[in-house]
Engineer: 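A single structure is presented below for examination.
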Amino acid sequence: MELKPFERKIWLSSPTMHGEELTYMQQAYDTNWMSTLGENINEIERIACEKVGCQYAVALSCGTAALHMAVKLAGVKPGDNVFCTDMTFGATVNPVVYERGNPIFIDTEYDTWNMDPVALEKAFALYPDTKVVIAVNLYGTPAKLDELCAICSKHGAVLIEDAAESLGATYKGRQTGSFGTYNAISFNGNKIITGSSGGMLLTDDPAAAQKVRKWSTQSRENAPWYQHEELGYNYRMSNVIAGVVRGQFPHLEEHIAKKKEIYFRYKEGFEGLPVSMNPYDETASEPNFWLSCLLIEENAMCKQTRTATEASYVSEAGKSCPTQILETLASCHAEGRPIWKPMHLQPIYSGRPFVSVTPGADVGADIFARGLCLPSDIKMTAKEQEQIIAIVRSCFD
Ligand SMILES: *Cc1c(COP(=O)(O)O)cnc(C)c1O
């Protein structure tokens, strides 16, 4: 197949709208609830609780705000250690530092590309006073949640689940976003459903939900004037944004079904290539397949060099690397993305502790070096995806 550039750009994961969003936004306008109060907010909080199976949901301006509130609820104080997923988006970890906590990065396992329970157990041996763990379900694939939850309860630690990428994914039949004491989801523009922006804090603790309602609206006390006893934030979601989310929620399962088709079309399309897809435990979990990713076998990697800000490679017959594939995709007008660069490799977090299963092991750095995210846009046609597959195959010629 000739590698002809796409006429329209093929995105990694762009918003997919359905029309109902406009109805609910219009409703906010027509009723003049152009504020952080209104029926859309109430409705999506109800719908999220019902979907995820938790008691309370508080709609916020973004997933990062939800994580910040979760970190505050968990009681993180300056200098407190927090065990964090290492291979993730910076938004997982930054809220710890907003509270002047001390993130300690836990290495990744190869089975689901999430926090390694063995490394977590090791971290508790090294830092026994740690009381908070933040675990992600990367790219929509549930982590080893049974093991992570068991380790947290054994050590009396609070689990914060960052389910920003995994809304609708299940682990042993239970929805992600319900495993932590405090949980965060996101409605950012490229997530499985979107409000253009937005997020939510989910919990079964009524007092916690009440605190987040207060903190996120500038911490007003019950008084005739603006009375403040606690630090406040302007983190509440707009009722207009909530209208977009409300219009999207009925389409969550349909989005997941389409993402799943994309994943399996890639899997089949790459048969015979020295690559594998981002893995999951088929006996325990059903991902939401938010992003399809690929991992190149070690012996099929051509030479790839990454400095702090630049990437290059030396092409070699029969081999390839993420840089070559990403550049080839980009030259054809298709958007891929490197794997999240692990936090312990980020200049801002250099010098912070990193715990892996054995000294010197670094699974996150390995997946970062050999993996990439493929175009996973719901609006990509099967024919367009065949072309993406052909482009990837051509890199191994
Ligand atoms: C998107 C994302 C967030 C942050 O969500 P925002 O709504 O963009 O603030 C946090 N963690 C992970 C893993 C994410 O992918």
Engineer: For Leu138 and Thr88, work out which heavy atoms get closest and say how close.
Structural biologist: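 Of all heavy-atom pairs spanning Leu138 and Thr88, the closest is CD1-CA, 3.9 Å.
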Engineer: Counting distance only, does the side-chain N/O of Asp366 pair as donor-acceptor with the main-chain N or O of Gly364 below 3.5 Å?
Structural biologist: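 No: the side chain of Asp366 does not pair with the backbone of Gly364.
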Engineer: Would you check if Ile160 and Thr181 make a side-chain contact, meaning some heavy-atom pair closer than 4.5 Å?
Structural biologist: no
Engineer: Quick one: do Tyr263 and Ile389 end up in the same hydrophobic cluster if we chain Ile, Leu, Val, Met, Phe, Trp and Tyr together by side-chain heavy atoms under 4.5 Å apart?
Structural biologist: yes
Engineer: Before you tell me yes or no, could you show the steps for Thr112 and Asn114 under side-chain hydrogen bond (donor to acceptor under 3.5 Å, both in side chains), namely the whole-Å CA-CA distance, both residues' side-chain angles and the distance that decides it to 0.1 Å?
Structural biologist: CA-CA 5 Å; Thr112 76; Asn114 286 299; 3.0 Å; yes
Engineer: Is Ile193 close to Leu167 at the side-chain level, that is, under 4.5 Å between some pair of heavy atoms?
Structural biologist: yes
Engineer: Any side-chain to backbone donor/acceptor pair from Lys258 onto Ile378? Under 3.5 Å, distance only.
Structural biologist: no
Engineer: Under the criterion ring-ring contact (aromatic ring centres under 6.0 Å, His included), which of Phe354, Tyr349, Phe83 is the partner of Phe105?
Structural biologist: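 Testing each of Phe354, Tyr349, Phe83 against Phe105, the sole residue satisfying ring-ring contact (aromatic ring centres under 6.0 Å, His included) is Tyr349.
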Engineer: Report yes or no: does Thr194 contribute a side-chain atom to a donor-acceptor pair with the main-chain N or O of Phe187 at less than 3.5 Å?
Structural biologist: yes
Engineer: Do Arg213's NZ or CZ and the ring of Tyr56 fall within the cation-pi criteria of under 6.0 Å and 45°?
Structural biologist: no
Engineer: Would you call Lys211-Glu230 a salt bridge at under 4.0 Å N-O?
Structural biologist: no
Engineer: Give a yes or no on whether a salt bridge exists between Glu386 and Arg265, defined as a side-chain N under 4.0 angstrom from a carboxylate O.
Structural biologist: no
Engineer: Counting only heavy atoms not in Trp33 (residues, nucleotides, ligands), do more than 12 fall under 6.0 Å from its CH2?
Structural biologist: no
Engineer: Looking at Trp340, is Arg337 sitting on its ring face, NZ or CZ under 6.0 Å from the six-membered ring centre and within 45 degrees of the normal?
Structural biologist: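 Yes, Arg337 and Trp340 form such a contact.
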Engineer: Can you check whether Thr328 reaches Leu326 side chain to side chain, under 4.5 Å on heavy atoms?
Structural biologist: no
Engineer: Say whether Val93 and Leu67 are linked into one hydrophobic cluster, either directly or through other cluster members, by side-chain heavy-atom distances under 4.5 angstrom.
Structural biologist: no
Engineer: With distance as the sole test, does Asp86 use its side chain to make a donor-acceptor pair with the main-chain N or O of His344 at under 3.5 Å?
Structural biologist: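 Yes.
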Engineer: Flag the pair Thr64 / Pro95 as yes when at least one side-chain heavy-atom distance between them is below 4.5 Å, and no otherwise.
Structural biologist: yes
Engineer: Mind checking who shares a hydrophobic cluster with Met17, ILVMFWY linked at side-chain heavy-atom distances under 4.5 Å?
Structural biologist: Met25, Tyr29, Met34, Val240, Val244
Engineer: Would you check, one step at a time, whether the test ring-ring contact (aromatic ring centres under 6.0 Å, His included) holds for Trp215 with Tyr233?
Structural biologist: CA-CA 6 Å; Trp215 293 340; Tyr233 302 84; 7.6 Å; no
Engineer: Just distance, no hydrogens or angles: give the donor-acceptor pairs under 3.5 Å from side chains in residues 140-148, sequence neighbours left out.
Structural biologist:
{"residue": "Lys144", "atom": "NZ", "partner": "Asp111", "partner atom": "OD2", "Å": "2.6"}
{"residue": "Asp146", "atom": "OD2", "partner": "Lys172", "partner atom": "NZ", "Å": "2.5"}

Engineer: Return yes when atom CZ of Arg100 has more than 12 non-hydrogen atoms of other residues, nucleotides or ligands closer than 6.0 Å, and no otherwise.
Structural biologist: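 Open: at most 12 neighbouring heavy atoms sit under 6.0 Å from CZ of Arg100.
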Engineer: Test of understanding: clusters of I, L, V, M, F, W, Y form through side-chain heavy atoms closer than 4.5 Å, transitively. Do Ile367 and Tyr280 belong to the same one?
Structural biologist: no
Engineer: Answer yes or no: is there a donor N or O on one side and an acceptor on the other, between the side chain of Gln304 and the main chain of Ala369, under 3.5 Å?
Structural biologist: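 The answer is yes, because a donor-acceptor pair under 3.5 Å joins these two groups.
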Engineer: Keeping the roles fixed (side chain from Glu45, backbone from Ala48), state whether a donor-acceptor pair exists under 3.5 Å.
Structural biologist: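 Between the backbone of Ala48 and the side chain of Glu45 there is no qualifying donor-acceptor contact (under 3.5 Å).
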Engineer: Using a 3.5 Å distance criterion without hydrogens, assess whether the side chain of Gln55 forms a donor-acceptor pair with backbone atoms of Asp204.
Structural biologist: no
Engineer: Which atoms form the tightest heavy-atom contact between Arg306 and Phe368, and what is the distance?
Structural biologist: NH1-O, 2.8 Å
Engineer: Any non-hydrogen side-chain atom of Ile185 less than 4.5 Å from a side-chain atom of Leu202?
Structural biologist: yes
Engineer: Report the distance from atom OG1 of Thr381 to atom CD of Glu384, rounding to the nearest 0.5 Å.
Structural biologist: 3.5 Å
Engineer: So, does Ser219 use its side chain to make a donor-acceptor pair with the main chain of Leu231 at under 3.5 Å?
Structural biologist: yes
Engineer: Is the backbone N or O of Gln218 less than 3.5 Å from a side-chain atom of His228, with the two atoms forming a donor-acceptor pair by type?
Structural biologist: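 Yes, the answer is positive, given that a donor and an acceptor are paired below the 3.5 Å cut-off.
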Engineer: For the CG atom of Asn81 and the CZ atom of Phe124, what is their distance to the nearest 0.5 Å?
Structural biologist: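 It is 10.0 Å, given to the nearest 0.5 Å.
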Engineer: Ion pair present between Arg46 and Glu50, side-chain N to carboxylate O less than 4.0 angstrom?
Structural biologist: yes
Engineer: Which residue in the set Glu39, Glu20, Glu21 passes salt bridge (Lys or Arg N to Asp or Glu O under 4.0 Å) when paired with Arg246?
Structural biologist: Glu39
Engineer: For salt bridge (Lys or Arg N to Asp or Glu O under 4.0 Å), just list the numbers for Arg370 and Glu297, CA-CA rounded to whole Å, side-chain angles, deciding distance to a tenth of an Å, and then say yes or no.
Structural biologist: CA-CA 7 Å; Arg370 297 193 285 124; Glu297 286 173 15; over 6 Å; no
Engineer: Does CD belonging to Gln210 count more than 12 external heavy atoms closer than 6.0 Å?
Structural biologist: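 12 or below, so no.
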Engineer: Are Tyr139 and Tyr266 connected in a single hydrophobic cluster, I mean Ile/Leu/Val/Met/Phe/Trp/Tyr linked by side-chain heavy atoms less than 4.5 Å apart?
Structural biologist: no
Engineer: Please report the interatomic distance OG1(Thr92) to CG(Asp162), rounded to the nearest 0.5 Å.
Structural biologist: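 Thr92 OG1 to Asp162 CG: 4.0 Å, rounded to 0.5 Å.
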Engineer: Does NZ in Lys303 sit with more than 12 non-hydrogen atoms of other residues, nucleotides or ligands closer than 6.0 Å?
Structural biologist: no
Engineer: Tell me, do Trp290 and Ser13 make a side-chain contact under 4.5 Å, heavy atoms counted?
Structural biologist: yes
Engineer: Around atom CD of Glu7, are there more than 12 heavy atoms of other residues, nucleotides or ligands at under 6.0 Å?
Structural biologist: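 Counting neighbours around CD of Glu7, 12 or fewer heavy atoms of other residues, nucleotides or ligands fall under 6.0 Å, so no.
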Engineer: Which atom names give the shortest non-hydrogen contact between Gly371 and Ile339, and what distance separates them?
Structural biologist: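 Looking at all heavy atoms of both residues, the closest pair is C-CG1, 3.3 Å.
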Engineer: To the nearest 0.5 Å, what is the distance between CD on Gln175 and OG1 on Thr170?
Structural biologist: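 Output value for this atom pair is 6.5 Å.
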Engineer: Taking the side chain as everything from C-beta on, heavy atoms only, tell me whether Arg352 gets closer than 4.5 Å to Asn102.
Structural biologist: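 SC-SC contact between Arg352 and Asn102 confirmed.
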Engineer: Okay, side chain of Gln346, backbone of Lys341: is any donor-acceptor separation there less than 3.5 Å?
Structural biologist: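 Judged by distance alone, yes, a pair lies under 3.5 Å.
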Engineer: Quick check: is Val97 connected to Tyr182 through a chain of hydrophobic side chains (ILVMFWY, heavy atoms under 4.5 Å apart)?
Structural biologist: no
Engineer: What distance do His251 atom NE2 and Thr16 atom OG1 have between them, rounded to the nearest 0.5 Å?
Structural biologist: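 Spacing of NE2 (His251) from OG1 (Thr16) equals 10.5 Å.
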Engineer: Do the numbers put Arg393 on top of the ring of Phe270, so that NZ or CZ is under 6.0 Å from the six-membered ring centre and no more than 45° off the axis?
Structural biologist: no
Engineer: For residues Ala209 and Val58, report the shortest heavy-atom separation together with the two atoms involved.
Structural biologist: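 Minimum heavy-atom separation between Ala209 and Val58: O-CG2, 3.8 Å.
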Engineer: For the CG atom of Leu60 and the OH atom of Tyr235, what is their distance to the nearest 0.5 Å?
Structural biologist: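 Those atoms lie 9.0 Å apart.
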Engineer: Decide yes or no for Cys293 and Leu374: does some side-chain heavy atom of the first lie under 4.5 Å from some side-chain heavy atom of the second?
Structural biologist: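 Heavy-atom side-chain distance check fails, nothing below 4.5 Å.
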